[in-house]
**Q** 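Take a look at this one; I'll ask things after.
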Amino acid sequence: MDYDVVIGLEVHAQLLTKSKIFCGCSTAFGAPPNTQVCPVCMGMPGVLPVLNKKAVELAVRTALATRCRIAEMSRFARKNYFYPDLPKGYQISQFEQPIATGGYIEIETGEEKSIKRIGITRIHMEEDAGKLFHGMEGASADHSYVDLNRSGVPLLEIVSEPDMTAPEEAGAYLRSLRAILQYLDVCDGSMEEGSFRCDANISLKPAGHKTLGTRVELKNMNSFRHVQNALAFEIERQQQLLADRKAIVQETRLWDAGRGITASMRSKEEAHDYRYFPEPDLPPVAVSAGWIESIRADLPELPQARRSRFARDYRLPAYDAEVLTGSRQLADYFEACVTCYPQPKKVSNWIMGELL
């Protein structure tokens with residue numbers, strides 16, 4: 001039997017703010033453990049969060065760039081669960097009333113580079129948890145350590161529709177989304193430092209059927225290549241199970257890059273009981289039409305539009321335009337060079353060759 005592959009992605013992007021989402025602590029990466037903390041992000045009793053306005057602005061920028069509807073009023077909620085890196089015993093997130101819904105990103109697929117639209121279900125703001133370290137060098141092997149520097153760092157969670165049907169499409173979507181966030185100065189896009197993180201949901205269903213199959217969640221993927229390899233392995237694993245008439249278990253699986261396999265982490269219920277309820281210490285977030293328009297007026301030219309303009313106005317091959325617009329800084333540099341030396345193809349060759 002032939003099967004259709006159904007893939008949806010959940011991306012957590014760390015916002016480029018200087019301070020955390022609900023307090024004034026620094027968000028700089030690489031500081032010694034527990035040196036960028038205060039009573040608010042350490043979850044001390046009696047403290048009150050105050051929302052970082054810059055985080056809201058960056059969320060609105062992202063929503064506009066991905067054609068989402070921006071809510072006039074959104075709310076924060078408490079997502080309750082217990083884990084050693086979550087000092088309050090709950091995470092402040094958005095649930096029933098996110099800041100944005102219903103957008104899309106366009107990607108190029110196949111050798112013919114056809115355009116495919118990937119829907120975005122929702123974008124919401126939330127705080128990050130701390131980080132656990134297991135088996136640290138020079139410490140007891142049976143102890144774990146927690147660093148709360150990351151606790152309270154502002155995140156955007158961007159949830160796609162299950163519109164992707166191949167690992168290559170998932171890779172193209174992630175590259176496109178990261179480029180947009182980098183052009184907007186919303187996120188630096190570093191998967192190695194954990195500021196751009198991805199979880200994948202994948203299922204298989206009989207070809208042509210509307211009913212989705214059992215969904216498996218994949219975690220622990222810190223590069224585009226790992227995402228594609230994990231999805232490719234999972235497709236083969238699920239196809240084999242179905243061919244052997246075995247049930248696919250709804251679960252969370254971790255990608256083991258060294259062995260090239262996914263491994264079961266934990267079973268996953270149909271719905272987590274996080275006991276969401278509105279965050280009583282934060283008022284609703286009101287985003288006025290005037291503020292939205294002022295943010296829209298400040299948006300840069302985005303990667304896809306700039307790539308098309310480079311090919312059209314500078315008469316560059318599609319490959320050159322794609323490389324040169326890979327980052328906003330490189331595209332700016334190319335245009336500055338062409339202003340000084342108006343021979344675009346020669347400048348392009350030099351940048352892609354000698355300079356890079």
**Q** Using distance alone, with no hydrogens and no angle criterion, decide if S93 and E126 have a side-chain donor and acceptor under 3.5 Å apart.
**A**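 Indeed, the side chains of S93 and E126 share at least one donor-acceptor pair under 3.5 Å.
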
**Q** With the 4.5 Å side-chain cut-off for hydrophobic clustering, are L282 and V153 part of the same group?
**A**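 No, separate clusters.
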
**Q** Can you check whether T62's main-chain N or O pairs, donor with acceptor, with T66's side chain at less than 3.5 Å?
**A**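 Flag set: sc T66 to bb T62 pair under 3.5 Å.
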
**Q** Under the criterion side-chain hydrogen bond (donor to acceptor under 3.5 Å, both in side chains), I'd like the reasoning laid out for T121 against E161: C-alpha separation, chi angles, the key distance, then a yes or no.
**A** CA-CA 6 Å; T121 309; E161 293 286 332; 2.9 Å; yes

**Q** Answer with yes or no whether the hydrophobic clustering places L16 together with M191; edges join I, L, V, M, F, W, Y residues whose side-chain heavy atoms lie under 4.5 Å apart.
**A**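 Different hydrophobic clusters.
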
**Q** Within a radius of less than 6.0 Å around OH of Y81, do more than 12 heavy atoms belonging to other residues, nucleotides or ligands occur?
**A**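 Check passes, neighbour count above 12.
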
**Q** Would you call R328-D185 a salt bridge at under 4.0 Å N-O?
**A**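 Looking at R328 and D185, the cut-off is met.
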
**Q** Answer whether the closest heavy-atom distance between the side chains of L218 and I202 falls below 4.5 Å.
**A**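 They are in side-chain contact.
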
**Q** Between the side chain of S160 and the main-chain N/O of L9, is any donor-acceptor distance below 3.5 Å?
**A**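 Yes; judged by distance alone, with no hydrogens or angles, the pair exists.
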
**Q** Please determine whether a side-chain nitrogen of the Lys or Arg among D4 and K205 lies less than 4.0 Å from a carboxylate oxygen of the Asp or Glu.
**A**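 Salt bridge between D4 and K205, a charged N being under 4.0 Å from a carboxylate O: yes.
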
**Q** Is E335 paired with R309 through a side-chain N to carboxylate O contact shorter than 4.0 Å?
**A**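 The answer is yes: the pair qualifies as a salt bridge.
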
**Q** Does V146 offer a backbone N or O that forms a donor-acceptor pair with the side chain of N34 under 3.5 Å?
**A**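 Yes, because the side chain of N34 sits within donor-acceptor range (under 3.5 Å) of the backbone of V146.
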
**Q** Count the heavy atoms of every other residue, nucleotide or ligand shown that sit under 6.0 Å from CD of E72, and state whether that count exceeds 12.
**A**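 Not more than 12 within 6.0 Å, no.
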
**Q** Does CG belonging to D2 count more than 12 external heavy atoms closer than 6.0 Å?
**A**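 Open.
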
**Q** Write down the atom of V40, the atom of V47, and the distance for their closest heavy-atom approach.
**A**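 Scanning both residues, the minimum pair turns out to be CA-CG2, 3.8 Å.
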
**Q** Spell out, as yes or no, whether a donor-acceptor pair under 3.5 Å connects the side chain of D128 to the backbone of L155.
**A**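 Here the side-chain-to-backbone pair does not exist.
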
**Q** List the atom of Q36, the atom of C41, and the distance in Å for their closest heavy-atom pair.
**A**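 Shortest heavy-atom separation between Q36 and C41 comes out as O-SG, 4.2 Å.
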
**Q** Would you mind reporting whether P87 and S151 have side-chain heavy atoms less than 4.5 Å apart?
**A**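 They are in contact (side-chain heavy atoms under 4.5 Å apart), so the answer is yes.
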
**Q** Please determine whether salt bridge (charged side-chain N to carboxylate O under 4.0 Å, His left out) holds for the pair D320 and K345, giving the CA-CA distance in whole Å, both sets of side-chain angles, and the decisive distance to 0.1 Å.
**A** CA-CA 9 Å; D320 293 39; K345 181 55 181 169; 2.7 Å; yes

**Q** Rounded to the nearest 0.5 Å, what separates atom CG in L177 from atom CD1 in I158?
**A**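 Rounded to the nearest 0.5 Å, the CG-CD1 separation comes out at 4.5 Å.
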
**Q** Test your reading of the model: is there a side-chain donor-acceptor pair from E169 to the backbone of M164, 3.5 Å cut-off?
**A**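 A pair under 3.5 Å: no.
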
**Q** Ignoring hydrogens and geometry beyond distance, is a side-chain donor-acceptor pair present between S114 and T109 at under 3.5 Å?
**A**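 A donor-acceptor contact under 3.5 Å links the two side chains.
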
**Q** With a 6.0 Å cut-off (strictly less than), is the heavy-atom count around CD of E96, excluding the residue itself, greater than 12?
**A**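 Check fails, neighbour count at 12 or below.
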
**Q** Check this for me, if you would: do R150 and D85 make a salt bridge, where the nitrogen-to-carboxylate-oxygen distance has to be below 4.0 angstrom?
**A**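 Salt bridge between R150 and D85, a charged N being under 4.0 Å from a carboxylate O: no.
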
**Q** Please tell me whether E234 and Q238 have a donor and an acceptor in their side chains that are separated by less than 3.5 angstrom.
**A**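 There is such a pair (donor and acceptor under 3.5 Å, judged by atom type) between the side chains of E234 and Q238.
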
**Q** Give the intermediate values and the outcome of ring pair (Phe, Tyr, Trp, His ring centres under 6.0 Å) for residues F334 and Y314.
**A** CA-CA 11 Å; F334 167 78; Y314 296 118; 5.2 Å; yes

**Q** Tell me whether the count of non-hydrogen atoms from other residues, nucleotides or ligands lying under 6.0 Å of CZ in R259 goes above 12.
**A**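 It does not: R259 CZ has 12 such atoms or fewer within range.
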
**Q** Quick one: sort the W255 and H226 rings into parallel, tilted or perpendicular, breaks at 30° and 60°.
**A**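 Correct class here is tilted.
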
**Q** Do side-chain atoms of R215 reach the backbone of N201 as a donor and acceptor pair under 3.5 angstrom?
**A**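 It does not hold such a pair.
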
**Q** Has the side chain of R117 got a donor or acceptor atom that lies under 3.5 Å from a matching backbone atom of Y104?
**A**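 Not at all, since once roles are kept as given, no pair shorter than 3.5 Å links the two residues.
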
**Q** If only atom types and distance count, is the side chain of N222 paired as donor or acceptor with the main-chain N or O of G194 below 3.5 Å?
**A**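 The answer is no, because no donor-acceptor pair under 3.5 Å joins these two groups.
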
**Q** Treating Ile, Leu, Val, Met, Phe, Trp and Tyr as nodes and any side-chain heavy-atom pair under 4.5 angstrom as an edge, say whether Y276 and L86 lie in one connected cluster.
**A**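 The answer is yes; both residues are in one hydrophobic cluster.
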
**Q** Quick one: does any side-chain atom of K79 pair with a main-chain N or O of F95 as donor and acceptor, under 3.5 Å?
**A**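 Between the backbone of F95 and the side chain of K79 there is no qualifying donor-acceptor contact (under 3.5 Å).
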
**Q** Do the non-hydrogen side-chain atoms of M265 and E251 ever get within less than 4.5 Å of each other?
**A**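 Answer no - side chains too far apart.
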
**Q** Under the 3.5 angstrom rule, does the side chain of S74 hit a backbone N or O of A71 as a donor-acceptor pair?
**A**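 No, the answer is negative, given that no donor and acceptor are paired below the 3.5 Å cut-off.
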
**Q** Without hydrogens or angle criteria, can the side chains of Q250 and T214 be said to hold a donor-acceptor pair below 3.5 Å?
**A**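 The answer is no; no qualifying pair exists.
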
**Q** Knowing that exactly one of V50, L48, L51 qualifies, which makes a side-chain contact (heavy atoms from CB on, under 4.5 Å) with F22?
**A**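 Among the candidates, only L51 passes.
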
**Q** So do V323 and L356 actually touch side chain to side chain, heavy atoms under 4.5 Å?
**A**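 The answer is yes; the side chains approach within 4.5 Å.
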
